Amino acid sequence: MTSGLKTGLVLGGGAARGAYEAGVISYLREEFEPEFGRELKLDILAGTSVGAMHACYLAATCDRPREQAQGLIQHWTTMKVEEVLRCSFGDIFRLLREAMSKPAPHERDIQYGGLVDPRGLRYLVGRGIPWLNVGRNLRKGHLEALAVSATHVGTGGARVFIQRRGGGIPQWSDDPEYRAIATRIGPNHALASAAIPVIFPAVRIRGQLHIDGFVRLNVPISPALRLGAQRVIVISLRPRERIQTGAMQEEREQAVASAPFLVGKMFNMLMTDRTDQDLGRLRRLNATLEAGTAAYGPGFADVLSSALSPHRSQPVRYVRELLVRPSRDLGELAAEYVKTAEFRKSGNGLAHRTILKLVEREAAREADMASYLLFDGGFADILIDLGRRDARALREQWKRFWSDEPQSVAEAAMRNKPAATAA
C-alpha cells in the first residue's frame with residue numbers, strides 16, 4: 001500500500017557547495033530506500049542555481065532511480081576547478097572593456113558578460129544530463145513536474161520555468177514579480193539559474209537575459225507546493241547558525257578589511273535562504289489546520305479555504321516536510337581543504353591559484369567565497385560525505401516522512417483516513 005501523497009524535492013543554490021545535495025540524495029537512494037523496502041518516487045522537482053541542475057538531472061533519470069546517486073557523485077568527484085572556472089587574464093581585460101563600452105548590435109548576443117568563460121559549465125550541463133528524457137519521463141508518469149527558478153535581469157523579478165505532465169501551469173500568484181512560465185526545459189534554463197552575477201554570464205531565454213535564481217528565490221519551496229506537493233524534502237546549503245566564540249569574533253573583526261572576506265559575506269547575503277521563514281509559515285499553517293480539525297471536524301480545511309479564497313491562489317492543505325541542512329559551516333570546510341597538500345598539488349592554473357589566494361586573505365577558519373567557487377573533486381568528496389551523515393542522522397524523520405499512515409488529524413481528514421500518530 002502506498003500513501004498516494006505527491007512528494008516534492010526542493011534543492012537550493014550555492015554553486016560548488018551543491019555537492020552536499022548529492023550526498024543527501026545518495027543517502028536516500030543507496031541507504032534509506034533499500035532499508036525502507038521500496039523505491040520512493042519524487043513527483044515534483046524544484047531547484048535554483050546548482051539545485052536547478054540537480055533537479056534537471058533527476059528529472060532526466062527518474063526512470064532509473066538506483067543510478068541517480070552514483071551519477072551525481074561521479075559528476076562531482078571528477079570535477080576540476082580549471083574545467084569549470086575557465087578564466088584567463090584575457091577574460092579580466094574583456095570584462096573591464098565590456099564595463100566601459102557599449103557593445104555593437106552584432107556583439108550583444110555573443111558577449112560573455114561574466115568573468116569566467118562559460119564553455120566549461122556548458123559542457124558539464126550538456127554532457128551530464130540526457131535532456132530528451134525529461135519529456136519522456138513526464139509522459140510516462142515517472143514525474144509530475146520540473147521547476148527551475150531564475151531571475152529576470154530587466155525587472156529583477158523571479159521567473160519559474162515549468163515543464164509539467166499534461167502541460168500548462170497551475171493557478172499561480174498574481175504578483176508580477178513572481179511569474180511562472182510553461183516551457184520545455186533545456187540547458188539554457190539550467191545555465192540561467194546558475195549564472196552567478198559577475199562570475200558567470202547572463203543567459204538569454206526567449207531573447208531576454210536571466211541570471212542566477214538565488215537573487216530572488218534561492219530555495220524554491222513555493223513552486224513545489226503550487227505544483228501540488230503534499231510533502232516536501234527541502235535541502236538547504238545554509239548551515240545552522242553557529243554560536244560565535246570570542247576567538248572567532250576576534251578573527252572576523254581582524255579579517256573585515258579583506259576584500260575576499262567581504263565578498264564572501266556578500267555572497268552569503270545575496271544567496272538569501274528563506275528556508276526557515278518559509279518552513280515557519282508552513283508549520284504554522286499545519287498547526288492551525290491540526291487544531292481546527294481537532295476542534296471543528298474534518299471539514300475545517302474546506303471552510304478555511306473558502307474564507308481565504310480571495311487572498312490565496314490555492315486551497316490550504318496540510319503538508320509534511322523534512323529539512324536537511326549542513327551541520328558544519330561549509331566555508332570552514334573549504335578553508336581546511338584548500339590548505340591541504342592534496343589541493344595545492346592538484347593544479348596550477350589561474351583559477352586554482354586565485355582560490356589559494358582567496359583563502360589566504362579570508363578569515364583563518366573560514367573561506368566563504370572560495371567555497372562557492374571550489375569546483376574540485378576532493379572538496380566535493382567532503383561535502384558528499386557530510387550530506388550523507390546529516391541525512392542519516394535524520395533517519396527516524398525519514399521514516400515518518402515516507403510512512404503510508406497519516407501523521408496528523410488534519411492530514412487524515414485530507415485523505416479521509418484515521419490518523420495513526422500525532423504530527
Side-chain angles (χ1 to χ4, degrees), residues 3-12 42-48 144-145 147 149 158 160 162 169-175 177-178 180 216-236 238 240 272-325 394 396-423:
S3 65
L5 294 177
K6 288 186 180 180
T7 305
L9 175 64
V10 177
L11 299 160
L42 301 172
D43 303 281
I44 297 160
L45 298 166
T48 295
E144 291 293 321
S149 302
V160 182
I162 293 172
I169 57 174
Q171 190 173 4
W172 210 260
S173 168
D174 57 4
D175 182 354
E177 297 300 308
Y178 177 39
R216 292 298 302 269
L217 197 64
N218 195 40
V219 182
I221 299 174
S222 175
L225 298 179
R226 291 178 186 277
L227 286 164
Q230 295 162 302
R231 56 186 174 192
V232 289
I233 303 165
V234 181
I235 306 178
S236 169
R238 179 66 66 85
R240 302 184 188 97
T272 304
D273 187 337
R274 297 176 55 86
T275 304
D276 292 322
Q277 297 95 313
D278 290 347
L279 286 179
R281 284 195 294 271
L282 179 60
R283 289 164 182 164
R284 287 192 294 273
L285 178 58
N286 282 346
T288 299
L289 289 172
E290 180 72 355
T293 302
Y296 301 108
F300 177 76
D302 294 333
V303 173
L304 186 60
S305 292
S306 178
L308 295 176
S309 59
H311 310 288
R312 290 179 61 91
S313 59
Q314 293 187 339
V316 296
R317 65 179 183 277
Y318 186 95
V319 179
R320 293 188 200 180
E321 45 85 12
L322 174 63
L323 172 64
V324 187
R325 70 189 332 162
L394 301 173
E396 293 304 314
Q397 292 186 38
W398 286 100
K399 289 169 67 176
R400 289 194 296 273
F401 180 87
W402 287 104
S403 171
D404 292 330
E405 297 302 324
Q407 299 297 295
S408 73
V409 173
E411 187 181 81
M414 181 177 71
R415 296 164 54 193
N416 296 315
K417 293 177 65 176
T421 59

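Computed from a predicted model, the values in this text were never measured in an experiment.
Under a 3.5 Å cut-off, the side chain of Glu290 and the backbone N or O of Asn286 do not form any donor-acceptor pair. Thr288 places a side-chain N or O within donor-acceptor distance of the main-chain N or O of Arg284, the cut-off being under 3.5 Å. Within the 3.5 Å criterion, the main-chain N or O of Val409 finds no donor-acceptor partner in the side chain of Glu411. No donor-acceptor distance shorter than 3.5 angstrom exists from the side chain of Ser403 to the backbone of Lys399, with no hydrogens or angles considered.
In terms of the side-chain contact (heavy atoms from CB on, under 4.5 Å) criterion, residue partners of Ala180 (sequence neighbours excluded) are, by chain and number, Ile162, Ile169, Trp172. Evaluation of the side-chain hydrogen bond (donor to acceptor under 3.5 Å, both in side chains) rule for Glu321 yields Arg283 as partners, not counting sequence neighbours. The side-chain contact (heavy atoms from CB on, under 4.5 Å) search around Ala46 returns Ala147, Pro220, Ala224, not counting sequence neighbours.
Relative ring orientation between Phe401 and Trp398 is described as perpendicular, the plane-to-plane angle rising above 60° on a 0-90° scale split at 30° and 60°.
Of the charged side-chain nitrogens involved, none lies within less than 4.0 Å of a carboxylate oxygen, so that Arg281 and Asp276 do not count as a salt-bridged pair.
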| field | Criterion side chain to side chain contact (heavy atoms under 4.5 Å, CB included) on Ile233 and Val10, from CA distance to verdict | value | CA-CA 6 Å; Ile233 303 165; Val10 177; over 6 Å; no

| said: side chain to side chain contact (heavy atoms under 4.5 Å, CB included), that's the test. Do Tyr296 and Val303 meet it? Break it down for me. | reply: CA-CA 10 Å; Tyr296 301 108; Val303 173; over 6 Å; no

| request: Test side chain to side chain contact (heavy atoms under 4.5 Å, CB included) on Val324 and Leu394 and set out the steps. | output: CA-CA 8 Å; Val324 187; Leu394 301 173; 3.9 Å; yes

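Closest approach of Leu5 to Asp43, counting heavy atoms only: O-OD2, 3.9 Å. Closest approach of Arg317 to Gly228, counting heavy atoms only: NH2-C, 3.6 Å. The two atoms that bring Met414 and Gln230 nearest to each other are CE-NE2, 4.3 Å, heavy atoms only. Summarising the geometry of Asp175 relative to Ser173, their closest heavy-atom pair is N-OG, 3.0 Å, with the distance given to 0.1 Å. Between Arg226 and Gln171 the shortest heavy-atom distance is NH1-O, 4.4 Å. Of all heavy-atom pairs between Leu227 and Ile44, the closest is O-CD1, 3.3 Å.
For the pair Val234 and Leu322, the minimum side-chain heavy-atom distance is 4.5 Å or more. Side-chain atoms of Thr275 and Leu323, non-hydrogen and from C-beta on, do get closer than 4.5 Å to each other. The closest side-chain heavy-atom distance from Val316 to Leu289 is below 4.5 Å. Counting heavy atoms from C-beta on, the side chains of Thr48 and Leu11 never come closer than 4.5 Å.
Donor-acceptor pairing under 3.5 Å is recorded for the side chains of Ser222 and Tyr178.
Leu225 contributes atom CG, which lies 14.0 Å from atom CZ of Arg231 (distance to the nearest 0.5 angstrom). Atoms CG and OH, on Leu285 and Tyr318 in that order, are 10.5 Å from each other to the nearest 0.5 Å.
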